[in-house]
Amino acid sequence: MKNILITGGAGFIGSHVVRRFVNIHPEYNIINLDVLTYAGNLANLKDIEDKPNYTFIKADICDFDTVCQVFGQHAIDGVIHLAAESHVDRSISNPFSFARTNIMGTLSLLQAARQYWADDMNGKMFYHISTDEVYGDLPLSGGYFTEETTYRPHSPYSASKAGSDHFVRAFHTTYGLPIIISNCSNNYGPCQFPEKLIPLFINNICQNKPLPVYGRGENVRDWLYVEDHAAAIDLIFRQGKVGSTYNIGGNNERSNIELVKLLIQIVDRLLGRPEGSSEHLITYVTDRPGHDLRYAIDSSKLRDELGWQATHSFEEGIEKTIRWYLNNPDWMAHVTSGEYLNYYNKQYPGS
Ligand code: NAD
Ligand code: DAU
């Protein structure tokens with residue numbers, strides 16, 4: 001039995017990773033450590049909360065003493081680190097919280113792992129989940145990020161993730177800590193907080209609210225269904241080469257305006273409105289400062305070395321995602337009201 005600490009497991013991607021590990025890896029004890037910020041929502045994990053191989057701990061990754069206690073009490077053998085401040089717009093208005101959680105929080109986990117595993121690092125793993133945004137951006141005319149692309153972060157968010165990646169690699173080089181990093185493109189799917197483009201716009205179309213498209217909507221993102229990311233994380237955690245980096249992408253580039261029109265078309269159809277009738281909601285607004293133009297990921301290393309490939313086509317994934325939000329209006333109402341924060345903060349008082 002291996003004891004795996006997953007940080008940020010109550011968030012969007014983390015909840016899919018926790019569910020996958022709890023359900024398909026009974027050989028692992030999963031310890032989900034999350035401080036439950038606005039983005040952490042235990043309702044995402046209702047279906048697995050009573051499973052015998054699952055434990056939830058409400059704690060802050062920046063609280064080094066508590067993190068050390070968790071390593072000791074649960075005899076942690078492996079870490080999958082997802083906890084982060086994740087939204088670019090928030091990093092522009094409050095960069096401090098990004099430096100704190102993403103850099104200092106990662107450092108706190110690294111130091112705890114290093115100390116706890118000091119006598120024997122064999123078979124241990126510190127797996128850090130990062131983003132393609134550390135590479136900067138690409139021209140519309142072409143090119144891909146590879147694992148060798150130079151870091152060129154532009155936003156406070158991506159700068160903080162780049163900082164954390166550098167600390168993770170430094171702990172490998174300096175102390176021999178067994179690490180892996182993966183850098184992934186934009187995820188979409190159920191349970192994503194409606195500050196990110198896809199859930200925000202689905203919700204706004206349903207409620208006939210404006211759809212604020214930044215700039216002219218020509219920026220391009222490479223979209224990956226969240227369960228395909230969780231499957232990649234599972235594979236890399238178990239079979240990835242220590243010290244390596246893997247890029248993960250959906251090979252599925254869309255301009256924002258193209259994506260927004262597709263969302264409108266599908267939501268209109270599913271709500272029985274004339275298709276495209278919600279296009280009048282599109283509102284071009286002032287661009288995000290430092291807005292990266294295009295991301296595109298070359299994930300051939302992951303495919304060739306470990307045999308990973310995405311199993312959801314974009315058409316399938318986006319339809320599934322939209323249906324999930326339309327069928328779960330209570331989830332949306334709950335997170336937009338902030339009600340869940342009060343509930344869980346009462347249930348798990350503390351840090
Ligand atoms: P999210 O914002 O939905 O969830 C983050 C989780 O981390 C929340 O549950 C939150 O409560 C928790 N958390 C935040 N600060 C914490 C702290 N100090 N201590 C403990 N827990 C804390 O994020 P997400 O979109 O699921 O992203 C997860 C990870 O994947 C992040 O590291 C992000 O950088 C990375 N990533 C995200 C995407 C994407 O498209 N969403 C793509 C590539 C990489
Ligand atoms: O590439 C991976 C990254 O993808 C992750 O590391 C981040 O955690 C995640 O938030 C995401 O970053 P983006 O900035 O690309 O995602 P977001 O959903 O905020 O925006 C997607 C695109 O849509 C981007 O070009 C900005 C644009 N946008 C976004 C919002 C919220 C709008 O035009 N209007 C909006 O209201």
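These figures come from a predicted structure and were not determined experimentally. Atoms within a ligand are numbered from 1 in the order they appear, just like the ligands themselves. One-based numbering along the sequence shown.
The salt bridge (charged side-chain N to carboxylate O under 4.0 Å, His left out) pairs that include a residue from residues 259-273 are Asp268-Arg273, Arg269-Glu275, Arg269-Glu319, where partners are two or more places apart or lie in different chains. For residues 130-155, the ring pair (Phe, Tyr, Trp, His ring centres under 6.0 Å) pairs, not counting sequence neighbours, are Tyr135-Phe145, Tyr135-Tyr151, Tyr151-His166.
Residue-to-ligand polar distances place Ile61 within reach of ligand 1: an N/O pair is separated by less than 3.5 Å. In terms of polar-atom proximity, Arg100 is not counted as a contact of ligand 1, lacking any N or O under 3.5 Å from an N or O of the ligand.
Applying the 4.0 Å criterion to heavy atoms of Asn186 picks out, from ligand 1, the atoms 40 (O). Residue Gly40 approaches ligand 1 through these ligand atoms, each under 4.0 Å from one of its heavy atoms: 8 (C), 9 (O), 11 (O). Near Tyr157, the atoms of ligand 1 lying under 4.0 angstrom from a non-hydrogen atom of the residue are 33 (C), 34 (O). Per-residue contacts place Asp60 under 4.0 angstrom from the following atoms of ligand 1 (heavy atoms of the residue considered): 17 (C), 18 (N), 19 (N). The contact set between ligand 2 and Ser86, taken as ligand atoms under 4.0 Å from a residue heavy atom, comprises 7 (C), 8 (O), 9 (C), 10 (O).
Nearest to atom 2 (O) of ligand 1 among the protein's heavy atoms is Ser86 OG, 2.7 Å. The protein heavy-atom contact nearest to atom 34 (N) of ligand 2 is Pro212 O, 2.7 Å. What sits closest to atom 39 (C) of ligand 1 on the protein, heavy atoms only, is Ile13 CD1, 3.7 Å. The single protein non-hydrogen atom nearest to atom 19 (O) of ligand 2 is Arg288 NH2, 2.9 Å, given as residue, atom name and distance. Looking from atom 21 (N) of ligand 1 to the surrounding protein, the closest heavy atom is Val35 N, 3.2 Å. Atom 31 (C) of ligand 1 has its closest protein heavy atom at Leu82 O, 3.2 Å.
For the pair Ser185 and ligand 1, a heavy-atom separation below 4.0 Å is found.
Close placement of the Phe314 and Tyr188 rings is indicated, their centers lying within 6.0 Å of each other.
Of all the heavy atoms of Ser185, the ones lying under 4.0 Å from any atom of ligand 2 belong exclusively to the backbone. Residue contacts with ligand 1 for Asn187 involve both N, CA, C or O and side-chain atoms from C-beta outward (heavy atoms, distance under 4.0 Å). At a heavy-atom distance under 4.0 Å, only side-chain atoms of Leu200, from C-beta outward, approach ligand 2.
When the heavy atoms of Tyr214, Tyr157, Tyr295 are ranked by distance to atom 6 (O) of ligand 2, first place goes to Tyr157. Between atom 16 (O) of ligand 2 and the options Asn186, Leu197, Asp292, the minimum heavy-atom separation is to Asn186. Heavy-atom proximity to atom 13 (P) of ligand 2, evaluated over Arg294, Lys196, Glu133, is greatest for Glu133.
The closest donor-acceptor contact from the side chain of Tyr157 to the backbone of Pro95 lies at 3.5 Å or more, if one exists at all.
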